[in-house]
Trainee: 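Take this structure first; my questions come after.
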Amino acid sequence: MAEMNMAKAINLALFEAMTRDDKVIVMGEDVGPDEGVFRITEGLFAKFGGDRVIDTPLAESGIIGTAIGMAIFGMRPVCEIQFSGFDYYNYHQLESHAARFRNRTRGRLTVPMVMRAPYGGGIRALEHHSESREAIYAHTPGLKVVIPSGPRNARALLHAAIQDPDPVIYYEPKACYRLFREDVPETMETLPIGKAQIVKQGTDITLISYGASMRATLEAAETLEEDDGVKAEIVDLLSICPLDTETIVNSVRKTGRAVVVHEGPRTCGLAAEVIARINEKVLMFLEAPVVRVTGFDIPIPYFSKEQAYLPDAEKVLKAARETLSF
Amino acid sequence: MAEMNMAKAINLALFEAMTRDDKVIVMGEDVGPDEGVFRITEGLFAKFGGDRVIDTPLAESGIIGTAIGMAIFGMRPVCEIQFSGFDYYNYHQLESHAARFRNRTRGRLTVPMVMRAPYGGGIRALEHHSESREAIYAHTPGLKVVIPSGPRNARALLHAAIQDPDPVIYYEPKACYRLFREDVPETMETLPIGKAQIVKQGTDITLISYGASMRATLEAAETLEEDDGVKAEIVDLLSICPLDTETIVNSVRKTGRAVVVHEGPRTCGLAAEVIARINEKVLMFLEAPVVRVTGFDIPIPYFSKEQAYLPDAEKVLKAARETLSF
Amino acid sequence: MPRKSIELPKIEYLSILNENGELDKELEPKIDPKGLIEMYRYMLLARRTDERMLLMQRQGRCGTFPQSSGHECISMASIFNINKDDWHVPAYRELAGLLWRGWPLESILLYWNGFEEGAAPPEGVNDLPVCVPIASQLLHAAGIGMAINMEKTEKVVMTYFGDGASSEGDCHEALNFASVFKAPVVFMCLNNQYAISVPLSRQMACETIAQRAVAYGMPGIRVDGNDVLAVYQAAKEAVERARRGEGPSLIECLTYRVTPHTTSDDPKRYRSDEETKEWVLKDALPRFAKYLDQKGVLPEAKRLEMEEEIDKTIKAAVQKAEVMFQSDELLNPLHMFDYLFADMSPALQEQRDELAEHFKTKGKDWTNPQKKEKTPASPRA
Amino acid sequence: MPRKSIELPKIEYLSILNENGELDKELEPKIDPKGLIEMYRYMLLARRTDERMLLMQRQGRCGTFPQSSGHECISMASIFNINKDDWHVPAYRELAGLLWRGWPLESILLYWNGFEEGAAPPEGVNDLPVCVPIASQLLHAAGIGMAINMEKTEKVVMTYFGDGASSEGDCHEALNFASVFKAPVVFMCLNNQYAISVPLSRQMACETIAQRAVAYGMPGIRVDGNDVLAVYQAAKEAVERARRGEGPSLIECLTYRVTPHTTSDDPKRYRSDEETKEWVLKDALPRFAKYLDQKGVLPEAKRLEMEEEIDKTIKAAVQKAEVMFQSDELLNPLHMFDYLFADMSPALQEQRDELAEHFKTKGKDWTNPQKKEKTPASPRA
Ligand SMILES: Cc1ncc(C[n+]2csc(CCOP(=O)(O)OP(=O)(O)O)c2C)c(N)n1
Ligand SMILES: Cc1ncc(C[n+]2csc(CCOP(=O)(O)OP(=O)(O)O)c2C)c(N)n1
Ligand SMILES: [Mg+2]
Ligand SMILES: [Mg+2]
C-alpha cells in the first residue's frame with residue numbers, strides 16, 4: 001500500500017500499463033519532456049522514450065484521428081487532450097469513427113483506445129478550461145465514459161479503460177488531482193466498466209454523483225448524518241456510460257428519495273438520464289421528486305464566479321433537505 | 001393561403017427573409033447554382049446572386065467559423081450544413097464561440113446566426129446521413145434549438161430563428177421535406193422560440209414529440225382514439241431549447257400519463273430531460289412511469305435496418321397502452 | 001539582410017501516355033505484361049460494376065451511390081504498387097482498388113444497398129472500408145503510418161481523397177502529422193475538379209493541389225489522372241520513398257468527374273455538357289487499352305474475352321448478393337445491437353429485448369425492407 | 001509533356017533593422033516621428049504591464065496568464081497600419097495592439113483576473129477579445145473579411161496566431177476561405193518557436209510557415225519578428241494589398257518566446273537557458289529604442305520620461321482595477337445568468353432564482369472570491 005493523490009495514481013496506471021503491454025502508447029500535446037501541463041505523464045518520456053510517449057502537433061482532431069488509425073493497426077493509444085474544453089475539436093473523429101468502426105464492420109475492425117482529458121472547474125483556470133460535458137459522450141453510442149473520484153478508483157478505472165477492447169473516454173476531475181491522498185494497493189487492480197459503487201450505505205435518501213462532485217456529496221452526507229440524523233446512501237457512478245441502472249434503482253427502491261449531483265449543465269445532463277431511469281424502474285417507490293444539483297444552463301463562468309456555479313456541499317444539503325421534507 | 005410541402009416552406013422563408021433584410025445571407029456547400037442537395041435554396045442564387053448565396057469550400061468549421069465573424073460584423077448568416085451528421089466538424093465553433101460571445105463580452109458582441117441542417121433517418125441515405133443529435137445542442141448553453149414538424153411551422157420557426165438576436169440551430173426533419181403539404185398563409189408569420197404547441201387536446205395521456213416523430217405520434221393518437229377510445233393530448237415541442245416546461249407539465253398534470261417520442265439515442269436524449277422536468281414539477285400527478293419511445297443507444301443502422309430503429313406509430317401505440325394500463 | 005527569396009521545394013508535373021495515346025518512351029515505366037493486364041482487368045471490372053450498379057439503382061435494386069467511373073486509373077495504377085500487408089485507406093471512388101485488394105463484389109453490392117456487412121473488410125485484407133465523412137480517413141491513414149514506424153517494418157499506406165476534401169481541416173492535420181512523424185503514407189488526391197457542384201476555382205485559390213506539399217516539406221507532384229503510366233510511376237516513387245523511411249508524399253491526379261456526383265445528382269444544374277464531353281475523350285480505359293494493344297500485351301480479341309468474363313463475374317455476384325439481401329441473417333434488425341461493443345451492457349440488452357418484443361407483438365415482417373419505396377425526400381446529390 | 005516543374009509563387013524573407021541594430025537604409029520605411037514614438041510607447045506600455053502582472057500573479061493578485069513580453073513588436077508594428085474602423089482579431093499575446101486599439105488597462109487586468117467584463121471590447125473598438133481555443137479566431141477574422149467584401153468598403157482585418165496554431169485544421173480552413181473569397185485579411189503568425197513545450201521541429205516538417213502561403217495562392221513572407229521596421233513594412237504592404245481588393249496575405253514573424261508559456265509554465269523542463277539567453281539579446285525594444293535615439297526621434301531623456309509616465313499610468317490602472325475586483329457589480333454571481341441570450345427563458349430564470357435563494361439561505365459572502373487560495377491542482381502551463 002502506498003498513499004498518493006489522484007495525479008500520481010493516474011500516472012502510476014499509465015506507467016504500469018506501458019510496462020506490461022508494449023502496444024500501449026501515450027500521445028498528446030506536451031506529454032513528452034514537459035510531462036503534461038498537469039504532470040500526469042511524469043517520468044514516462046524518460047522511461048519509455050519518444051516512440052511511445054509522443055508529443056504531437058497542436059491539433060486535437062489530428063491526435064484522435066491518428067490514434068484511431070493506430071488502434072485499428074493494433075496499438076493501444078492513450079491520448080491526452082489537454083483540457084476537455086478542447087475535445088470538441090475532435091468530436092467528429094470520435095462520433096463518426098472511434099464509436100462506429102466495430103459496429104459498421106460487424107466486429108472486423110476495432111478501436112481500443114482511450115481519450116483522457118482533465119474536466120471540470122474549481123481551479124481558477126482560463127476561459128474554456130473548466131468544461132464538464134461528459135453527457136455529450138454518454139449520448140454518443142459506441143463510446144464508454146468513465147470518471148474517477150479518487151486516487152484508487154482512478155488507477156483501477158484507467159487500467160480497465162486501457163484494457164477495454166473498445167474506445168473509452170476517461171475524464172479526470174482536475175480539481176481532485178492533488179486535493180487528497182488515498183491508499184493505493186501495491187498490486188495492479190481494475191474496476192469493471194459499467195458498475196457504480198455504493199460508497200456509503202444508508203436508508204433515508206440516495207445521493208448520486210461522480211467525479212469532482214463526489215466531494216461535495218460526501219461532505220453533505222456527513223452534515224446530514226451529524227445535524228439531521230439522516231442516513232444517506234451514496235452512489236458513486238464511476239461509469240457514466242454504460243450507466244449502472246441496477247445499483248441506482250436498487251438504492252432508490254430502498255430510500256424512496258434521491259438527489260443527483262454533477263457539474264455539467266442541467267438540460268440533457270447525466271442527472272436527467274438518472275431520473276429517467278428511476279422513473280422507468282422505480283417510479284412508484286419515489287416519495288419525492290428527485291432533485292438535480294448541477295451546473296446551470298450557462299457556460300461555466302470565468303473564475304471570479306465559478307464557485308457559485310459549481311455544486312457544493314451546501315447546495316447538496318439544501319436539496320437533500322428539500323427532498324426529505326417534501 | 002397556398003398549399004406547399006416543408007421543403008418549399010423553408011425555401012419560402014429563406015426567400016422572404018432575404019427579401020426583407022439584406023443582411024441575411026445564405027452559405028454552405030452546394031447552396032448556390034445547385035440549390036442545395038435537397039433543393040432547399042431553390043431560386044435563391046438566381047434571385048440574390050453569389051454575394052448573398054455563397055457556395056463555400058468543403059469545410060464545416062470554416063462555414064460556421066466565418067459565419068460567426070460575419071454575424072459579429074453585422075450580417076445575419078444562415079448556414080446550411082449538408083447533413084447533421086457532419087455538423088460535429090463545426091461543433092467547437094458553436095460551443096466555444098457562437099454560444100458564448102454575448103455572454104463573455106457582457107452583451108457587447110453578439111452572434112445572430114442560424115445553422116440549418118437536415119437531420120434524422122427514414123430516407124434510405126448513406127452512412128452518416130441520418131443522425132439525430134439535437135440533444136447535444138440542447139446541452140450546449142447559449143444555443144437555441146428549434147425543430148419544425150410541418151410546412152407551416154417550418155416557415156414560421158425559420159423566420160423566428162433568423163430574426164433572433166442569438167444563434168439558433170434549426171434542424172430540418174428531412175423525412176418530412178416532401179412527405180405532405182399544408183396550407184401556409186400569404187403573410188409572413190413567426191412562432192415564438194421556446195413555446196410548444198398543443199396540436200390535439202386530450203385528457204387521458206400526453207404524447208410529447210417533435211420533428212419527424214410527430215407523424216408517428218399523430219398516427220398513434222388516431223388509433224388510440226378509434227380503437228381504444230383514449231383521448232391523447234399531443235404536444236409538439238417545436239423548441240428543443242429553451243424547452244417549454246409549462247406546456248409539458250400543465251398537460252401531464254391533467255392527464256397523469258406521458259410518452260415522449262424522438263429519433264435520437266435514448267441516453268441523455270431529449271426525453272430524459274422532459275422526464276426530469278415532469279419529475280420536478282408534477283411527479284405526484286403521475287399515474288404511471290413516463291415511457292420513452294426513442295432511437296436506441298446505437299448509431300442509427302445503415303438503411304436496410306433503419307426503419308426498425310426509428311420510432312413508428314406501433315411503438316408509440318404500444319408505449320401508450322402500456323402507460324394507460326400501468 | 002535585405003529582401004530575399006526563400007528556396008522552395010520543386011513541385012512537378014508528370015504525363016507519360018497522353019490523351020492522344022502518345023507515349024513518352026523515356027519515361028515509360030517497366031511493368032511486366034501480367035501486371036499490365038491485371039491493372040486493366042480491375043479497371044474494367046470496376047467500370048462494368050459501376051455501370052451495372054447504376055442500372056440496378058435506376059431499377060430500385062441498389063441505393064444511392066457515388067459513381068467511380070472515370071476514377072479507376074487513379075485507384076488501380078497507384079494501389080498496384082503495394083503489397084498485401086501494406087494498407088489501403090480509401091475514400092469512396094476507389095472501387096477498382098477495393099476489388100483488386102480482395103473485396104468480393106458482393107460486399108460492394110451489400111454496402112451500397114444499406115448493409116453494414118458490406119463494410120467489413122475480408123479476413124486478411126488490410127483495408128479500411130469506404131469513408132463518408134470527408135477527409136476524416138486521412139488521419140486514420142496517417143495514424144496507421146505512425147504505427148508502422150513504431151513497429152519498425154517497411155509497410156506503407158495508400159490513401160485517397162478528393163479535391164473538395166482538401167479544404168477540410170482534417171486534410172491539413174493529416175498531411176502535417178504524416179510529415180512531422182515521417183509516416184510512410186502516400187496521399188493520393190483525386191482531383192476531379194468538382195465537389196458535388198462546387199468547381200475547383202471556388203474550392204481553392206491556388207493553381208494546384210500538388211503545391212500544398214510545400215506546406216509540409218514533402219514531395220508534391222501533379223499527374224495526368226487518366227494516364228495509367230504516370231499515376232503508376234508517381235505512386236511507385238512515393239511508395240519506394242515511404243519504404244525507405246523518408247516519409248509521406250502528395251500526388252495530385254488531375255481528372256474530371258464525367259459522371260454525376262452520385263446517382264441522385266444532376267450535373268446539368270451547374271456545368272455544361274460540353275465541358276463534360278471534352279473530358280470523356282480523355283478516358284483512361286480506351287487510352288490504356290490502345291497502349292496494351294499496340295504493345296501486343298492485350299490484343300483486342302483477348303480484351304473482348306475479358307469483357308465477357310467480367311460480365312459473367314458480375315452477373316454471378318449480383319445473383320449471389322440479391323439472395324443475401326433477402327436472407328434472414330442479414331435482415332434481422334436485432335443484429336443492429338450486436339456489434340456496438342465487444343460486450344453488451346444490460347441497458348442495451350433491454351433495448352434489444354424491447355425491439356424483439358415489438359416485432360413479436362406487432363408481427364412485423366421485416367424480411368424485406370428493401371421493397372419500401374424511396375421517399376420523395378431523398379437528396380439530389 | 002515530360003516531367004516538368006510547376007512554377008510557384010515567390011516567398012520572401014525581410015529584415016531591415018537587424019539584431020545588431022544595423023539598418024538597411026534602402027528598405028527603411030518612412031514613418032513620421034509621431035508614429036514612431038507612438039509605436040514605441042505602446043510596446044513599452046505592454047512590456048511594463050506584462051511585468052507588473054507577473055508580479056501581481058506571484059502575489060496572488062492576478063490569475064494565470066500568457067506573458068506577452070517579447071511579442072510587442074509583432075503586435076504593434078503590424079496593427080499600426082490599420083484604422084479605427086478596421087478590425088483586430090487577436091489571439092492572446094497581442095497586449096500592445098489591444099492597448100493601442102483603445103482597450104483600457106483595467107479591462108486587461110479584469111480579464112486575467114477571471115472577469116468576463118474584461119473581454120468586452122470598449123464601445124467603438126472593432127476588436128474581438130482574447131481567444132483561447134487555438135486557431136479558432138482565424139475563421140472569425142476570415143468571416144469579418146468576407147462581410148467587409150459584401151459591404152463593399154475598404155476595411156481590413158488584422159489577425160494573429162502562433163506557430164502551434166498553424167497545425168490546427170481551423171488555421172487551414174481560415175487561410176483557404178480567405179483566399180477563395182479574397183477577404184481583406186492579414187494573417188500574422190507569431191512564430192515564437194514553441195507551443196508550450198513543443199518546438200517548431202515537432203510542429204511541422206517545413207522550413208517556414210511563410211511558405212504555407214503557396215498552398216493558398218497568397219503572398220507569404222517571413223520577417224524578423226523583433227524588427228519593428230520589417231514587421232511594419234510587411235504588414236503595410238499586406239494591408240494595402242487587402243484594401244486594393246487583392247485578398248489576404250500571410251506574414252510569419254520569427255521570434256522566440258523568451259518568457260515561460262504562461263505564469264505557470266516551467267520552460268527548464270524542455271529547453272536550455274542558453275537558447276533563451278541568445279534570443280533575449282535580440283529583443284525588439286532596446287533595438288528600436290537605439291534606432292529612435294540615433295534618429296533623434298526619441299532621445300534617452302525623453303525615453304526615461306516615457307518610462308515614468310507609463311509607470312504612473314499602470315499604477316493608476318491597477319488601483320482602479322483592484323477596486324473593481326471588489327465591487328458588488330462585478331462580483332455578484334447572479335450576473336452569470338444575465339448575458340446568455342438577449343432574453344431569459346423561464347427555465348433559466350428559475351435557475352437564477354435557485355442560486356439567489358441559495359445565497360439567501362446560506363448567507364454566503366461572495367463579495368471576495370479572489371481571496372480563495374490557489375488549489376494545488378492548477379496546471380503548469
Ligand atoms: C464532412 C462532410 N461534409 C460534407 C459531406 C457531403 N459530401 C459528400 S461528397 C461531397 C463532395 C466531395 O468532393 P471531393 O472531395 O472533391 O470528392 P469527389 O466526390 O469529387 O470525388 C460532399 C460535400 C460529407 N460526406 N462529409
Ligand atoms: C484548441 C486548443 N488546444 C490546446 C490549447 C492549450 N494551449 C494553449 S496555448 C498552447 C500552445 C500554443 O502555441 P502557439 O500557437 O505557438 O502560441 P504561443 O503560445 O507560442 O504564442 C496550447 C497547446 C488551447 N488553448 N486550445
Ligand atoms: Mg472532387
Ligand atoms: Mg508559439
Side-chain angles (χ1 to χ4, degrees), chain B residues 5-7 29-39 50 54-62 82-83 85-86 88-89 118 122-129 173-179 266-267 293-309 312 314-315 317-318, chain C residues 63-65 111 113-116 119 130 132-136 162 164-170 195-198 202-204 262 264-266 269-270 325 330-331 333-337 340 345 347-348 351-352 354-355 357-359 361-362 364 366 369-370 372 374-381:
Chain B
N5 62 31
M6 189 189 283
E29 296 155 12
D30 307 291
V31 298
D34 195 42
E35 304 185 322
V37 294
F38 286 103
R39 304 287 174 263
I54 306 167
D55 269 340
T56 64
L58 208 178
E60 288 73 16
S61 180
Q82 206 157 70
F83 288 88
F86 308 127
Y88 314 131
Y89 279 71
I123 67 155
R124 303 171 58 76
L126 300 181
E127 284 187 291
H128 307 276
H129 283 66
K174 64 170 95 69
C176 295
Y177 272 152
R178 293 175 169 85
L179 198 59
R266 187 167 301 172
T267 294
V293 178
T294 66
F296 302 110
D297 286 327
I298 49 175
I300 180 168
Y302 201 2
F303 67 75
S304 70
K305 297 178 188 63
E306 67 173 334
Q307 290 300 337
Y309 180 90
D312 59 20
E314 285 90 344
K315 289 179 184 172
L317 199 59
K318 186 159 173 287
Chain C
T64 298
F65 72 97
Y111 183 73
N113 268 290
F115 292 94
E116 282 89 349
V130 157
V132 168
I134 299 289
S136 55
S166 76
S167 296
E168 286 281 7
D170 275 7
I196 308 186
S197 72
V198 179
R202 301 280 302 186
Q203 197 67 246
M204 60 194 59
T262 67
S264 38
D265 177 40
D266 173 13
R269 307 181 66 91
Y270 51 80
F325 296 165
L330 284 178
L331 285 174
L334 296 179
H335 288 327
M336 68 169 88
F337 295 95
L340 189 68
S345 73
L348 199 59
Q351 294 184 12
R352 194 183 194 277
E354 182 185 316
L355 187 63
E357 182 63 27
H358 171 67
F359 280 121
T361 52
K362 198 186 152 211
K364 184 166 178 171
W366 45 255
Q370 291 309 105
K372 242 198 114 143
K374 228 172 127 181
T375 89
S378 59
R380 306 297 161 82

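Below, chain A is the first sequence line, B the second, and so on; all start at residue 1.
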Trainee: Go through the structure and list residues passing salt bridge (charged side-chain N to carboxylate O under 4.0 Å, His left out) with B:Glu60, not counting sequence neighbours.
Mentor: none
Trainee: Between chain B and each of C:Gln203, C:Gln351, C:Met204, C:Arg352, count heavy-atom pairs under 4.5 Å; write down the option with the most.
Mentor: C:Gln351
Trainee: Select one option (side chain, backbone, both, neither) describing which atoms of C:Ile134 are under 4.5 Å from chain B's heavy atoms.
Mentor: both
Trainee: Is there side-chain contact between B:Pro33 and B:Asp55, with at least one heavy-atom pair below 4.5 Å?
Mentor: yes
Trainee: Could you tell me which of B:Glu29, B:Arg266, B:Glu35 has the largest number of non-hydrogen atom pairs under 4.5 Å with chain C?
Mentor: B:Arg266
Trainee: Among residues at least two apart in sequence or on other chains, which ones pass ring-ring contact (aromatic ring centres under 6.0 Å, His included) with B:Phe296?
Mentor: B:Tyr309, C:Phe337
Trainee: Return the CD to CD1 distance between B:Gln82 and C:Ile196, rounded to the nearest 0.5 Å.
Mentor: 4.0 Å
Trainee: So C:Leu330 and B:Ser304, do their side chains get closer than 4.5 Å, heavy atoms only?
Mentor: no
Trainee: Is C:Ser136 close to chain B through its backbone or its side chain, or both, or neither, when contacts mean heavy atoms under 4.5 Å?
Mentor: both
Trainee: Considering only heavy atoms, which portion of C:Ala165 lies under 4.5 Å from any heavy atom of chain B: side chain, backbone, both, or neither?
Mentor: backbone
Trainee: Side chain, backbone, both or neither: which part of B:Leu126 has an atom under 4.5 Å from a heavy atom of chain C?
Mentor: side chain
